[in-house]
Each structure stands twice: as structure tokens, then as C-alpha cells.
Amino acid sequence: MDLTVNIAGVKFPSCFMNASGALCVTREELWTLGRSHAGAVVTKSMTVESRQGNPLPRYVGFPGGSINSMGLPNLGYKAYAELIPELKQFGKPVIASIAGLCEDDFPTIAQVINEAKPDLIEVNLSCPNIPGKPQIGYDAEASERLMKRVRKVITVPMGVKLPPYFDPAHHKLMGDVIGRCGVDFLNLINSVGNGLVVDPETESVVIKPKGGFGGLGGTIIKPVALANVRAFWKYFNGTMPIIGTGGVSNGVDAFEHILCGASAVQVGTVLVEEGVQVFTRLEQELSACLEKKGYKSVLECRGKLKEL
Ligand code: DHB
């Protein structure tokens with residue numbers, strides 16, 4: 001089975017990779033991804049300064065998903081700029097995820113990271129967990145301003161990681177904006193922001209930051225992720241490469257993302273729960289699923305979702 005894919009002209013040995021945030025903060029974690037069956041190494045979203053992140057507990061898995069409010073723990077962009085060249089030795093693409101605590105941080109980070117030559121750069125417009133900082137991706141004007149600024153300094157393929165949208169009017173609005181900004185690929189979706197998980201036994205929230213509010217991931221968000229992949233695939237008439245993220249925990253989940261238009265698939269919650277061994281399982285399961293359906297490759301079924 002051919003699970004190799006191409007995104008914005010970059011070849012991936014497998015369509016599965018880590019979602020930014022999952023086991024990708026430290027050098028050791030990134031090397032572990034490099035040595036695994038993951039089709040790429042995606043870094044944690046990086047900020048200007050290194051950060052410890054929010055107080056613990058800040059990630060909790062539960063049946064059907066997870067909630068997190070990590071608070072951008074990361075080594076700072078200068079450390080990742082040094083790590084990127086060594087990560088490229090694993091023979092798979094390196095995707096640098098960049099974030100910022102204010103708009104001016106993004107071009108600062110983008111310039112230096114671009115010089116380190118990751119294979120692709122993902123601009124994160126959708127971190128929901130910094131107290132007092134709304135997600136940029138829910139502000140179309142700020143998103144456009146920011147994407148145009150970073151595009152000027154990024155020479156490798158540039159993607160944007162978006163939050164979920166819940167209304168076709170928002171898909172159109174952001175599709176129009178993205179179409180004006182020279183974006184090479186989309187990553188859909190980030191966690192579903194500011195959910196609340198309650199433990200009835202302890203009568204308490206389950207994570208400490210922000211009074212228990214945090215980003216939801218895992219199986220429970222799959223229909224939201226699929227809807228966003230499909231909506232943007234259709235908006236761009238199948239011409240915009242999409243990484244599908246959200247609710248993938250087995251090969252069939254990945255197949256569903258691919259049918260909706262995803263070229264590749266990222267895993268967050270299931271990677272945190274199972275570790276990097278998950279990539280071999282996902283490859284086997286997707287291969288078996290495609291084989292059963294009579295497909296020979298990921299590309300052959302991408303976007304081929306039927307409507308009634
Ligand atoms: C964090 C969470 C996100 O969903 C994201 O996109 C970036 C950072 C975090 O809390 O660390």
C-alpha cells in the first residue's frame with residue numbers, strides 16, 4: 001500500500017505524523033519522533049522566550065478524548081532553530097510550528113526559523129490556552145495581517161493551523177482571507193477551544209489552569225474536524241493541500257479524513273496515550289482499510305467523499 005503523500009511539493013514517507021504539542025517539546029521527544037514510523041517531525045509551537053507553561057494538571061485524557069491547557073511550554077525559537085538541521089537527518093520532513101504571544105513575535109520567529117530551513121512552517125493561529133489572549137484565528141482581520149507579514153519572510157512552504165469554525169459563513173470568510181495570503185497548506189483543526197470537563201466524583205474541574213477550561217481533542221472532536229477539512233477542501237476546489245487533525249485514533253478515522261480531503265493526518269491525543277508505537281498500528285490499519293476498499297494509495301481516495 002502506498003501511504004506516501006505530497007504536501008506543497010514536499011514528499012512524506014507516510015501520511016501519519018504527530019500533531020504539534022504531542023510529545024514534541026524537547027530534543028529527546030523530537031528525536032524519538034524522528035526514529036519512529038511518523039511521516040514527519042512536527043515541533044511544539046514555539047514562542048520567542050522559552051516557557052514552562054501552565055501549572056499541572058494541564059492535560060487529562062478521558063473516555064472519548066482529552067482536555068488540555070498546556071500554556072505553550074517550549075524551548076524558545078532559538079533552541080528549535082538549532083535543532084531543526086539535526087532533525088532533518090532522519091530523512092523525513094520537519095515542520096516547524098510557530099506561535100507568538102503578540103503579533104510582532106510571529107515575523108521575528110518566522111525569519112530565524114526560516115533560515116534554519118525546516119521543510120515546512122506551520123503558523124499557529126489557534127492556541128486557545130493563554131489566559132487573556134483570544135485565538136487569532138477567530139479574528140479574520142488580525143489573521144490576514146499576520147499571515148501577510150509572515151509570508152514576506154518565509155521562503156519554505158507556509159501553512160496555517162486553524163481553529164475549528166462552526167458556521168459556513170466563517171469558512172467562507174476565512175477561505176477568502178487565506179486565498180489572499182499566499183498560504184501553501186492548511187492544518188485543520190486545532191483543539192476545540194475552551195471546553196470544560198467535570199469529575200462528578202470529586203465535584204471538580206480536571207485541569208488546573210483557567211478554572212478548568214481547555215482545548216478538547218480526541219474522538220469526540222472528529223465530526224468537527226471532518227467538517228472543517230471538507231468545508232475548506234470544497235472552498236478551494238481540491239487545490240489546497242490539507243493536513244487533517246482531530247479525532248484520529250485508528251486507520252478508519254484517517255480514511256475518513258482522507259475522503260474529506262486530507263492529504264495527511266496528524267495525531268495528538270492517541271499519540272500522548274499510546275506513544276510513538278501508535279504510528280505502526282495506524283499504518284497497518286489504514287493499509288488494511290484501503291486494501292479492503294480496493295485502493296492502492298492515499299492519493300487515490302483523497303477528497304472522494306460521496307454526497308447523497
Ligand atoms: C497550546 C495549545 C494549543 O492548542 C496550541 O495550538 C498551542 C499551544 C498549549 O496550551 O500549549
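Counting convention: from 1, in listed order, for ligands and their atoms alike.
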Ignoring hydrogens and geometry beyond distance, is a side-chain donor-acceptor pair present between Asn190 and Ser126 at under 3.5 Å? yes
Considering the heavy atoms of Pro73, write down every atom of ligand 1 situated less than 4.0 Å from one of them. 11 (O)
Closest approach of any protein heavy atom to atom 5 (C) of ligand 1, naming residue and atom: Asn124 ND2, 3.5 Å
Identity and distance of the protein heavy atom lying nearest atom 4 (O) of ligand 1: Asn190 OD1, 2.7 Å
Run the contact test for Ser126 against ligand 1 with a 4.0 Å cut-off on heavy atoms, strictly below, and give the result. yes
Could you list which atoms of ligand 1 come closer than 4.0 Å to a heavy atom of Lys44? 1 (C), 8 (C), 9 (C), 11 (O)
Look at the rings of Trp31 and Phe90 and say which category their plane angle falls in: under 30° parallel, 30 to 60° tilted, over 60° perpendicular. perpendicular
Region of Ser20 engaging ligand 1 - heavy atom pairs below 4.0 Å: neither
How about Lys78: does its NZ atom have over 12 heavy atoms from other parts shown lying under 6.0 Å from it? no
Heavy atom of Gly214, distance to ligand 1 below 4.0 Å: no
Would you tell me whether Asn237 and Thr239 have side-chain atoms, one donor and one acceptor, within less than 3.5 Å of each other? no
Within the distance-only criterion (no hydrogens, no angle test), does the side chain of His257 pair as donor or acceptor with the backbone N or O of Gly246 below 3.5 angstrom? yes
4.0 Å heavy-atom contact, Gly21 with ligand 1: no
Please report which non-hydrogen protein atom sits nearest to atom 8 (C) of ligand 1, along with the residue it belongs to and the distance in Å to one decimal place. Cys127 SG, 3.3 Å
Side-chain donor or acceptor of Asn228 paired with backbone N/O of Leu226 under 3.5 Å: no
Part of Lys161 with heavy atoms under 4.0 Å of ligand 1, whether side chain, backbone, both or neither: neither
Does a side chain donor of either Asn187 or Thr245 reach within less than 3.5 Å of an acceptor in the other side chain? yes
Checking side-chain polar atoms at under 3.5 Å, does Asp176 have a donor or acceptor matched by the opposite partner on Tyr235? yes
Would you kindly specify which portion of Ser191 sits under 4.0 Å from ligand 1, judged on non-hydrogen atoms: side chain, backbone, both or neither? side chain
One residue to check: Leu72. Relative to ligand 1, which of side chain, backbone, both or neither has a non-hydrogen atom less than 4.0 Å away? both
Among all protein heavy atoms, pick the one closest to atom 3 (C) of ligand 1 and tell me residue, atom and distance. Pro128 CD, 3.5 Å
Donor + acceptor pair across side chains of Asp199, Thr202 (<3.5 Å): yes
In terms of its nearest heavy atom to atom 2 (C) of ligand 1, the top option of Asn54, Ile189, Asn129 is Asn129
